[in-house]
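The structure appears right after this line, and notes come after that.
We name chains A, B, ... by the order of the sequence lines, and we start the count at 1 in each one. Values below: all heavy atoms of this structure, side chains included; hydrogens, waters and symmetry mates excluded.
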There are 2 protein chains.
Amino acid sequence: MSKQQESNERRDAKRELIVKSAIHIFGQKGFHAAKIQDIADFASIGKGTVYEYFSTKDELFLAVYDKWMDEFEAQMTASAEQHTNPVSKADALIDTAIDFYETHAQYASILLEFWAHALRSEDTHFLERIREMKQTLANLGEQVTRQLQSVKAFTDVDAVSFSRLELGISDGIFLQWILDGKAYSLRDAYKFRQSVIGAGLMTPAFRKVMSLKTKKHLKKGFWKRPE
Amino acid sequence: MSKQQESNERRDAKRELIVKSAIHIFGQKGFHAAKIQDIADFASIGKGTVYEYFSTKDELFLAVYDKWMDEFEAQMTASAEQHTNPVSKADALIDTAIDFYETHAQYASILLEFWAHALRSEDTHFLERIREMKQTLANLGEQVTRQLQSVKAFTDVDAVSFSRLELGISDGIFLQWILDGKAYSLRDAYKFRQSVIGAGLMTPAFRKVMSLKTKKHLKKGFWKRPE
DNA sequence: TTTTGCCGACCGACGAGTCGGTCAATTTTT
DNA sequence: AAAAATTGACCGACTCGTCGGTCGGCAAAA
């Protein structure tokens, strides 16, 4: 191993340490209440050192989010690759997402702050990172949806729109679970959701009445791939 | 009209003015970046006067949220009362929600900040207000769901859980729409959601295979009324 | 000796909340 | 009716702790 590499690794390790401390402190106090000094103290390094690795607090915040999203994407992708049968693949993805949400529940308020920050910030990196992550997950979802359609499990709903819808729904359920003080099982909520979406709520008779209307919507979707 | 009443009205009017200014400034800059001075300037009053009506910035923030939620609840309730037919009532509620979301889109980041704030704050008022609002809407949803069931439009899914699920989904779709930069029609997204949830995605054959599993979940639900 | 990484004292902007004072309207006194 | 006294809503200059970011110097490595 070259000296160069060794030095790079040391640098990466320290950077990692700072990000981990930042996650801890941000998670505990929130972005605004968390002081750089707190993060430095927790990492047992000097405040100045933090600024050797990140030039602003915002940048550090972005790094924290990046780390989570990388991890989430990696877990979801790995989970998808472990299955060929689309039905079990879909189940596995949902399971993985729930696991991730549950282990990161304490950081939910950071997620909210991050989104709020992204919506307001001049710096487009924040929003870009969010959208990039969504795109990756949506691709995964779209692929699974198409597979489910090809084995005749799902009707020919617009796969792109459906996978986007799923992303929104997932976030919504997670958020609600957090705001409800985790008063119920997140897994139960997801299972319930899955059943509703899979089987639908209409009675057979009513479904027949509504069939034209719903078919149109399901085919049309709402989301178009941006050019 | 007594002098007393007149004075109270003047006070209420000024309070209202401050809250309105706060909405404007908070919406523009976010909770942390918004200065009390900004709000006072916008209302054309002195900074000290703001503190005659609200003893802390937090209290003012809560008042802003309160005003929105009162308005939202009122609109939803009014909307529900205008229909007796449950199918059109459900449509009307969704329409009203979309209208509200669309007109308040610019304040989405405040909503996120508020939630983050609520999750972290020592003061339980924030979370309580959120839950109170959710409860009101969930009751409305539950009622409509039961009506839909009584006219044999919906299967006998657990109405309490389903209305909760709907709340989570609604927020999720709204949030995603915002984060996606309002790149599509919110109404289309809701219509799509409605069709998916109504008709379900499974093919008839697959539905038959899964029927036992889904039935169990739909019946059981995930949300129990707290005692 | 030079370079690199590290450090924490220091700075200065900043903003929430305070408080002594003003003034216009109302009430009381003359 | 005029003058005096009282009230309280309103104000903004000020205080004071805070914290992101800087920088000069130190120590270890090269």
**Message:** Once you apply a heavy-atom cut-off of 4.0 Å, does A:Ala33 come out as touching a base, just sugar-phosphate, or nothing?
**Reply:**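 If one applies the 4.0 Å heavy-atom cut-off, A:Ala33 turns out to touch nothing in the nucleic acid.
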**Prompt:** Does A:Lys35 make a side-chain donor-acceptor contact with the base of D:dG20, cut-off 3.5 Å?
**Reply:**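 It does not, because no donor-acceptor pair links the side chain of A:Lys35 to the base of D:dG20 below 3.5 Å.
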**Message:** Tell me if the side-chain of A:Lys14 makes a donor-acceptor pair with the base of C:dG5, cut-off 3.5 Å, by modelled atom types.
**Reply:**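 Checked by distance alone, the answer is no.
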**Salt bridge A:Arg193-A:Glu166, side-chain N to carboxylate O under 4.0 Å** =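 Salt bridge between A:Arg193 and A:Glu166, a charged N being under 4.0 Å from a carboxylate O: yes.
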**Message:** By nearest atom, which of the nucleotides D:dG21, C:dC6, D:dC11 is closest to the A:Glu52 side chain?
**Reply:**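 The nucleotide sitting nearest to the side chain is C:dC6.
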**Message:** Any donor-acceptor pair under 3.5 Å linking the side-chain atoms of A:Gln28 with those of B:Arg120?
**Reply:**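 Distance-only check fails for B:Arg120 and A:Gln28.
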Over how many whole Å does the gap from [X] atom [atom1] to [N] atom [atom2] extend?
X: A:Lys29; N: D:dT18; atom1: NZ; atom2: C1'; result: 13 Å
X: A:Asp38; N: D:dG20; atom1: CG; atom2: P; result: 8 Å
X: A:Asp41; N: C:dA9; atom1: CG; atom2: P; result: 11 Å
X: A:Ile36; N: D:dT22; atom1: CD1; atom2: C1'; result: 14 Å
X: A:Tyr51; N: C:dG5; atom1: OH; atom2: C1'; result: 18 Å
X: B:Arg15; N: D:dA9; atom1: CZ; atom2: P; result: 14 Å
X: A:Glu59; N: D:dG20; atom1: CD; atom2: P; result: 15 Å
X: A:Ile39; N: C:dG8; atom1: CD1; atom2: P; result: 16 Å

Does [X] place a side-chain N or O at less than 4.0 Å from the phosphate oxygens OP1/OP2 of [N]?
X: B:Thr49; N: D:dC11; answer: yes
X: A:Lys57; N: D:dG20; answer: yes
X: A:Tyr53; N: C:dC6; answer: yes

**Request:** State, yes or no, whether a side-chain contact exists between B:Asp99 and B:Arg187 at a heavy-atom distance under 4.5 Å.
**Result:**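 The answer is yes, as the side chains (C-beta and beyond) meet within the 4.5 Å cut-off.
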**Asked** Does B:Phe192 have A:Lys220 sitting over its ring (NZ/CZ under 6.0 Å from centre, angle to axis within 45°)?
**Response**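 Negative - A:Lys220 is either too far from the ring of B:Phe192 or too far off its axis.
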**Asked** Within 45° of the six-membered ring axis of A:Phe31 and under 6.0 Å from that ring's centre, is NZ or CZ of A:Lys57 located there?
**Response**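 Satisfied, under 6.0 Å and within 45°.
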**Request:** Could you check A:His32 against B:Ser44 and say which one's nearest nucleotide on DNA chain D is further toward the 5' end?
**Result:**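 The answer here is B:Ser44.
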